[in-house]
Amino acid sequence: MGGVIVTNPPKADAKDVEALAAFGVATVSEAMGRTGLLGPSIRPVQQGVRVAGTAVTVLSWPGDNLMIHAAVEQCGEGDILVVTTTSPCTDGLFGELFATALQKRGVRGVVLNTGIRDTQELRDMGFAAWSRAVSSQGTVKATGGSVNVPIAIDGQVVRAGDVIVADDDGVVVVPREKARETAERSEAREAKEAATRAAFLEGQLGLDRYGLRDTLERLGVEYRSYEEYTGAGS
């Protein structure tokens, strides 16, 4: 099997990546119209960590991590490695040695549509990781693949240079051309949520703030006392 390693792909502007780093995955996805999310099976191996960076993509053969070795050379400061395989695979394609090499190059984390191992070591060294599975199953280095080509994870396309934002809630990808716009919309959403939070702290109900009482009425939802509902005391 052949493949291609694409060098020096376009990337989102670093300032826009840093702006997006201030927001959670849910906020960023909402700012893009509830799009961009990788599936809920991609989970963090740590807690309380949020990262944002530009994607270096890897397409590997199942059970084979040769192309991750090739991708390390293409990674640099501020990147996030994103790996998938040509067919489903939960083997441990990535571990502490890869993380050591990537951390040296300034890589901020890894997102794997496959398995990961050495999770305790990764937490100890502070290398952020999200994966579909945790598995000690080893791999070979025998089959060609590609680096920095468009890949798909759970139907979501990730291109080299797109922005990856990842936290405890999952992973979202922001197309590199939309990074600045999405950061601005995320900031506006955060401001709106701050105002709503303040209102809730003062005792306002979501039913009133969002005008949902009319919605309940339109849907035919009725208020009835316990006695009316149960017929008690009849």
Side-chain angles (χ1 to χ4, degrees), residues 11-55 77-80 82 106-111 122-123 126-131 153-158 161-230:
K11 295 183 178 184
D13 188 276
K15 291 183 179 179
D16 298 328
V17 177
E18 292 308 309
L20 285 166
F23 307 109
V25 166
T27 295
V28 173
S29 176
E30 292 281 0
M32 292 194 297
R34 298 180 182 174
T35 63
L37 289 172
L38 275 58
S41 295
I42 306 294
R43 301 301 304 148
V45 303
Q46 68 285 308
Q47 291 292 305
V49 174
R50 178 187 298 164
V51 298
T54 44
E77 187 72 35
D79 286 334
I80 293 178
V82 186
V107 173
R108 295 175 177 172
V110 64
V111 175
L122 296 179
R123 287 189 290 270
F127 189 82
W130 287 255
S131 71
I153 298 177
D154 295 331
Q156 179 63 53
V157 174
V158 182
D162 286 346
V163 184
I164 300 295
V165 182
D167 62 16
D168 288 350
D169 293 336
V171 182
V172 64
V173 56
V174 180
R176 55 182 181 258
E177 301 90 346
K178 296 184 177 180
R180 179 172 301 180
E181 174 189 358
T182 302
E184 292 171 351
R185 290 186 175 184
S186 296
E187 183 176 8
R189 183 174 179 81
E190 286 270 286
K192 180 179 179 181
E193 289 187 351
T196 299
R197 188 176 301 109
F200 286 171
L201 285 171
E202 292 177 355
Q204 187 176 15
L205 296 174
L207 285 173
D208 299 313
R209 186 166 185 83
Y210 300 137
L212 297 177
R213 295 190 187 278
D214 290 341
T215 301
L216 290 177
E217 183 177 355
R218 187 182 75 252
L219 294 173
V221 179
E222 300 178 343
Y223 283 87
R224 292 188 178 183
S225 69
Y226 178 79
E227 289 77 11
E228 291 173 327
Y229 179 68
T230 62

Inset, instruction - Please examine the side chains of Q46 and L122, heavy atoms only from C-beta on, and report whether any two atoms are closer than 4.5 Å. - result: no
Inset, instruction - Please indicate whether E217 has more than 12 foreign heavy atoms, meaning atoms of other residues, nucleotides or ligands, lying under 6.0 Å from its CD. - result: no
Legend entry - Single hit among V165, T54, V174 for side chain to side chain contact (heavy atoms under 4.5 Å, CB included) with V17: T54
Inset, instruction - First locate atom NZ of K11, then atom CG of D16, and finally report the distance between them rounded to the nearest 0.5 Å. - result: 14.5 Å
Inset, instruction - Grab the two heavy atoms, one from L20 and one from A179, that are nearest each other, plus how far apart they are. - result: CD1-O, 3.9 Å
Inset, instruction - Heavy atoms only: give me the nearest A183-F23 pair and the separation to one decimal. - result: O-CE1, 3.7 Å
Legend entry - Crowding at CD, E187 (>12 non-hydrogen neighbours, <6.0 Å): no
Legend entry - Within 6.0 Å of CZ in R185, more than 12 heavy atoms from elsewhere: no
Inset, instruction - Check for a donor-acceptor pair, side chain of R108 on one end and backbone N or O of A52 on the other, with a separation under 3.5 Å. - result: yes
Legend entry - Exercise: identify the closest heavy-atom pair between A55 and I164: CB-CG1, 3.9 Å
Inset, instruction - Could you tell me whether the side chain of V158 reaches within less than 4.5 Å of the side chain of V111, counting heavy atoms only? - result: no
Legend entry - L38, V171, L37 screened by side chain to side chain contact (heavy atoms under 4.5 Å, CB included) with V25, the one that passes: L37
Legend entry - Exercise: identify the closest heavy-atom pair between V45 and S131: CG1-OG, 4.3 Å
Legend entry - L216 vs L207 side-chain heavy atoms within contact, under 4.5 Å: yes
Inset, instruction - Would you check if the side chain of W130 reaches a backbone N or O of D167 as a donor-acceptor pair within less than 3.5 Å? - result: yes
Legend entry - Minimum heavy-atom distance between V163 and A12, given as atom pair plus value: CG2-CB, 3.4 Å
Inset, instruction - For R180, look at atom CZ and say whether over 12 heavy atoms of other residues, nucleotides or ligands are found less than 6.0 Å away. - result: no
Inset, instruction - Locate the shortest heavy-atom distance separating A128 from V51; write the atom from each residue and the value. - result: CB-CG1, 4.0 Å
Inset, instruction - First locate atom CG of D162, then atom CD1 of I80, and finally report the distance between them rounded to the nearest 0.5 Å. - result: 11.5 Å
Inset, instruction - Report yes if some heavy atom in the side chain of Y210 is under 4.5 Å from a heavy atom in the side chain of T215; otherwise report no. - result: no
Legend entry - Test item: D79 side-chain N/O and V107 main-chain N/O as donor-acceptor pair under 3.5 Å: no
Legend entry - Gap separating the CZ atom of F200 from the CD atom of E193, nearest 0.5 angstrom: 10.0 Å
Inset, instruction - Supply the atom-to-atom distance Q156 CD to I153 CD1, rounded to the nearest 0.5 angstrom. - result: 9.0 Å
Inset, instruction - Kindly indicate whether the side chain of R213, heavy atoms from C-beta on, has any atom under 4.5 Å from the side chain of L205. - result: yes
Legend entry - Expected output: side-chain E181 to main-chain K178 donor-acceptor under 3.5 Å: no
Inset, instruction - Find the distance between OG1 (T182) and CD (E30) and round it off to the nearest 0.5 Å. - result: 12.5 Å
